[in-house]
Amino acid sequence: DAKNNGLELYGIYKGAVERVLDFGVVVELETTTGGKFSGMVHSAHVSKVRVDKPRDAGIRQGQRIYVKLISIGQRGASGGAGEGGLMLSIKDVDQSTGKDLMPH
């Protein structure tokens, strides 16, 4: 699971956009242990400026981005964190430096 494979809650990770959906973005994370995890960035966490769809913020498939892990849910839990249970944020991370803009 995520906790045992180099992922920490509120950690900053590099990733690549796998899919851009109307309600969010699926991102594949790169971990220090070489594990591969996919997580969801809901459209509310894509940009500090409200966007209806992630495409409106310029997010595109294959794009390399920084994300913050904001929630680790249960796989398959209804209304949970979706694929693998990982909820991510793009807007909480400076996309040039990878700096956490909302440290906990």
Any donor-acceptor pair under 3.5 Å from Glu18 side chain to Val27 backbone: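 Answer holds: no.
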Lys91 side chain to Val49 backbone, donor-acceptor under 3.5 Å: no
[X]: side chain to side chain contact (heavy atoms under 4.5 Å, CB included) partners, not counting sequence neighbours:
{"X": "Arg60", "value": "Gln63"}
{"X": "His42", "value": "Ala44, His45, Met87"}
{"X": "Thr97", "value": "Asp94, Lys99"}

Ion pair check, Glu28 and Arg64, cut-off under 4.0 Å: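 Salt bridge: no.
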Residue pair Leu69 / Leu7, side-chain heavy-atom distance below 4.5 Å: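 Yes. Closest side-chain heavy atoms under 4.5 Å.
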Pair Leu86-Ile72, side-chain contact (heavy atoms from CB on, under 4.5 Å): steps then yes or no: CA-CA 5 Å; Leu86 304 180; Ile72 301 175; 4.1 Å; yes
Connected via hydrophobic side-chain network under 4.5 Å: Leu9 and Leu29: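 In one cluster with Leu9: Leu29, yes.
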Tyr66-Leu88 co-clustered via ILVMFWY side chain contacts under 4.5 Å: no
Candidate pair Val67 and Val93, rule side-chain contact (heavy atoms from CB on, under 4.5 Å), full reasoning: CA-CA 6 Å; Val67 294; Val93 186; 5.6 Å; no
Partners meeting salt bridge (charged side-chain N to carboxylate O under 4.0 Å, His left out) with Lys48 (sequence neighbours left out):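 In terms of salt bridge (charged side-chain N to carboxylate O under 4.0 Å, His left out), with neighbours along the sequence ignored, Lys48 is linked to no residue.
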Ile59 CD1 to Ser43 OG distance, which is reported to the nearest 0.5 Å: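 Ile59 atom CD1 to Ser43 atom OG measures 11.5 Å (nearest 0.5 Å).
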All pairs passing ring-ring contact (aromatic ring centres under 6.0 Å, His included) where residues 8-34 contributes a residue, at least two apart: Tyr10-His104
For Asp52, all residues meeting side chain to side chain donor-acceptor pair (under 3.5 Å), sequence neighbours excluded: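 Once residues adjacent in sequence are excluded, the partners of Asp52 under the side chain to side chain donor-acceptor pair (under 3.5 Å) criterion are Arg50.
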Heavy-atom closest contact (Gly98 atom, Ile12 atom, distance):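 That would be O-CG2, 3.4 Å.
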Non-hydrogen atoms of Val20 and Arg55 that approach each other most closely: O-NH2, 3.1 Å
Worked verdict on Lys53 versus Val51 for side-chain contact (heavy atoms from CB on, under 4.5 Å): CA-CA 6 Å; Lys53 298 179 180 177; Val51 293; over 6 Å; no
Stepwise side-chain contact (heavy atoms from CB on, under 4.5 Å) test for Gln95 and Ile65: CA-CA 7 Å; Gln95 291 301 306; Ile65 57 172; 3.5 Å; yes
